Amino acid sequence: MMKNSRQNASNRQENFGENSKKGQKEPEQVLGQNVPIGSADYLAPESLNKALEYRSRYGYKAVVIAGGTDIMVDYFEKLPEVTSWLDLTKISALKNIEITREEIIIGSLVTHLEIARNEELKKYLPLLAAASSEVGSWQIQSRGTIGGNIVTSSPAGDTLAPLLAYQARFVLASTEGEREVAAEEFFVGPKDNIMEPQELLTKIIIPHPPENTISRWWKVGKRKAMIISSLTMALLLEVNKNDRIQSARAAYGAVAPTPLRLESLEEYLTDKDLQEVELKKAGNLAEEAISPISDIRGTEEYRRQVTRDITIEALREMQQR
Amino acid sequence: MSEIKVEFTLNDNKESVVVPAEERLLDTLRERFDLTGTKEGCGVGECGACTVILDGEAVNSCLVPTAQVDGRQVRTVEGLAEGDELDPLQQSFIDHQAVQCGFCTPGMLMSARALLDKNTSPTEEEIKTALDGNLCRCTGYKQIVDAVEAAAKKEERE
Ligand code: FES
Ligand code: FES
């Protein structure tokens with residue numbers, strides 16, 4: 001065992017040596033500009049501007065790493081093939097949580113554990129706090145970041161349904177400037193999003209939910225601390241004094257190629273008396289609106305059934321609150 | 001080839017190593033420092049055998065590039081005992097027969113240590129949550145949870 005791992009370690013280093021030579025040259029030749037190369041293989045800038053400069057210069061050639069909980073798994077057997085890393089963890093400007101009168105602004109490098117433990121976020125954004133507290137295990141939560149979860153764009157990413165339900169906006173920065181993208185427009189397919197190779201996700205902006213908001217979060221998975229959930233749901237209703245639903249947002253994860261909001265269900269719920277919501281009807285709408293796949297975490301049939309059941313259950317709980 | 005100099009605190013000692021960019025903390029600890037208490041099970045963040053404490057939080061050292069611990073504090077299972085005196089958690093694991101093959105034990109201890117350093121009187125549920133990311137194939141977990149509970153009580157008394 002010991003011997004083996006020693007071998008692996010040295011193999012890795014040798015392979016890395018070969019690749020890193022290429023890595024040092026290529027960006028120079030292809031994109032050579034005036035960024036000094038200290039260690040071309042491991043870029044760990046402390047300022048965002050520097051990081052953006054590197055990003056515009058290296059693009060996909062440098063693997064961006066924050067908490068590493070996805071990247072180190074994806075690259076488990078190919079670590080030596082990585083020619084350049086762009087490590088964001090020294091950029092303290094990306095680690096802030098700011099709460100203004102209108103908005104909650106979360107830096108992309110804030111960890112799941114920080115969100116789960118933050119009393120203000122628990123109060124203002126209970127769906128996100130709950131989802132963050134159920135990402136993987138403690139070990140994963142202490143390293144994994146909200147920005148990483150978003151950029152990885154797995155349809156099963158735990159924080160994504162809550163972000164959709166809260167109508168979050170993502171700030172994408174590059175040396176050219178910034179743009180803001182609605183969460184709904186960001187995800188385009190499994191592990192795919194609209195980000196450009198020269199961009200970095202810097203902030204997540206969430207408008208304060210109205211005070212009369214009630215919400216439910218649900219995660220279905222096989223092992224509690226398993227990395228990947230087989231289904232997530234974030235349901236958010238704005239209900240007035242007379243129990244009328246003024247607006248509804250129903251977001252689901254791992255039931256389609258991207259996390260998504262179910263418009264038909266939202267439409268059905270909007271402007272209804274909460275007590276008059278027909279649970280079966282709502283369950284059916286949810287079940288019909290998704291397009292799940294069958295994989296090792298569950299069959300299509302199972303996902304439809306569970307979507308229906310948790311939708312009904314969540315609404316029932318809200319009626320009885 | 002470009003290597004990175006990393007300076008960090010390891011079990012209260014200042015250390016400095018030069019590593020390739022993609023080297024994992026797990027390998028650095030085992031291969032360069034001979035701290036083989038930290039185990040590799042899955043290598044992908046699911047088993048917790050490689051758990052160490054980084055700046056007060058439990059992390060999977062298989063998912064941490066060593067380059068990222070520059071300027072930070074790392075604690076491994078070897079850093080628990082003080083001289084000949086075992087950490088209360090270690091003693092409690094022995095007393096409660098919470099160790100069988102022992103492969104998961106260092107990771108369990110470090111997850112439990114990270115918990116008790118923050119929360120001196122955890123409930124059973126909190127203990128289970130803290131150990132969620134640690135798999136044991138031998139004990140059935142009951143003894144482990146009992147051991148952590150007992151250690152917490154002992155530490156609180158002291
Ligand atoms: S070896 Fe790191 S979690 Fe299994
Ligand atoms: S004691 Fe053997 S795996 Fe836990």
Side-chain angles (χ1 to χ4, degrees), chain A residues 1-2 5-6 8-10 12-21 23-24 37-44 63 65-85 87 89-90 111 113 117 133 136-144 223-227, chain B residues 1-6 19-28 30-32 34 36 39-40 42-48 50-72 103 107 110-112 114-115 118 126 128-135:
Chain A
M1 178 93 205
M2 177 77 195
S5 63
R6 238 184 236 291
N8 286 341
S10 62
R12 238 185 237 138
Q13 290 176 19
E14 278 157 30
N15 291 342
F16 184 77
E18 283 166 27
N19 285 310
S20 69
K21 271 179 225 135
Q24 275 179 348
I37 297 186
S39 149
D41 295 319
Y42 198 81
L43 311 161
V63 174
I65 182 166
T69 52
D70 286 322
I71 289 293
M72 294 293 280
V73 176
D74 287 352
Y75 282 85
F76 178 50
E77 275 170 340
K78 328 176 268 200
L79 279 174
E81 290 167 27
V82 176
T83 53
S84 315
W85 295 94
D87 178 5
T89 52
K90 290 196 168 167
T111 65
L113 205 55
R117 284 183 188 153
S133 77
S137 58
W138 267 28
Q139 290 97 315
I140 298 290
Q141 286 167 30
S142 65
R143 297 268 305 154
R223 176 181 147 210
K224 208 171 146 218
M226 185 64 199
I227 289 178
Chain B
M1 124 180 181
S2 150
E3 299 206 314
I4 298 123
K5 186 169 176 209
V6 183
V19 297
E22 86 291 8
E23 184 164 308
R24 306 175 304 170
L25 180 58
L26 172 64
D27 298 318
T28 303
R30 292 182 55 90
E31 314 290 331
R32 295 183 195 270
D34 273 333
T36 52
K39 306 292 186 227
E40 174 159 20
C42 63
V44 291
E46 294 197 21
C47 73
C50 65
T51 303
V52 300
I53 297 179
L54 175 62
D55 286 347
E57 304 289 355
V59 303
N60 298 312
S61 63
C62 68
L63 300 184
V64 180
T66 303
Q68 284 193 335
V69 305
D70 188 44
R72 306 177 68 180
F103 196 82
M110 297 320 280
S111 288
L115 170 70
K118 288 214 161 53
E126 286 169 332
K128 286 184 181 165
T129 305
L131 299 181
D132 249 358
N134 294 77
L135 293 180

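Just so it is clear, the model here is predicted, and its values are computed rather than measured. Note that these values count all heavy atoms, side chains included, but never hydrogens, waters or copies made by symmetry. The sequence lines fix the lettering, A, B, ..., with proteins before strands; numbering per chain opens at 1.
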- Task: Go through the atoms of B/V19 and report whether side chain, backbone, both or neither lie under 4.5 Å from a heavy atom of chain A.
- Result: neither
- Message: Please report the interatomic distance CZ(A/R117) to NZ(B/K118), rounded to the nearest 0.5 Å.
- Response: 4.5 Å
- Rounded to the nearest 0.5 angstrom, the CG-CZ distance for A/L79 and B/R24 is 7.5 Å
- Note on the structure: Nearest heavy-atom approach of A/W85 to B/A21 is CD1-CB, 3.7 Å
- Check whether any side-chain heavy atom of A/M72 lies under 4.5 Å from a side-chain heavy atom of B/N60, and answer yes or no. no
- Note on the structure: Correct closest heavy-atom pair for B/A67 and A/Y42 would be CB-CZ, 3.3 Å
- Task: Report the option among A/T89, A/D87, A/D74 that has the most heavy-atom pairs separated by less than 4.5 Å from atoms of chain B.
- Result: A/D87
- Message: Heavy-atom pairs under 4.5 Å with chain A - which of B/A58, B/C62, B/G71 has more of them than the others?
- Response: B/A58
- Quick one: pull up CZ in A/R143 and CD in B/E57 and give me the separation to the nearest 0.5 Å. 11.5 Å
- Interatomic distance, OG@A/S142 vs CD1@B/I53, rounded to 0.5 Å, equals 10.0 Å
- So do B/D132 and A/W138 actually touch side chain to side chain, heavy atoms under 4.5 Å? no
- Once you round to the nearest 0.5 Å, how far does OH of A/Y75 lie from CG of B/L63? 15.0 Å
- Task: Please tell me if the side chains of B/E22 and A/V82 come closer than 4.5 Å, counting only heavy atoms from C-beta onward.
- Result: no
- Which of A/V63, A/L113, A/I65, A/I71 touches chain B most, by non-hydrogen pairs under 4.5 Å: A/I65
- Query: Does any heavy atom of chain A fall under 4.5 Å from the side chain of B/L131, the backbone, both, or neither of them?
  - Reply: neither
- Message: Please give me the minimum heavy-atom distance between A/Q139 and B/S111, naming the atom from each residue.
- Response: NE2-OG, 3.2 Å
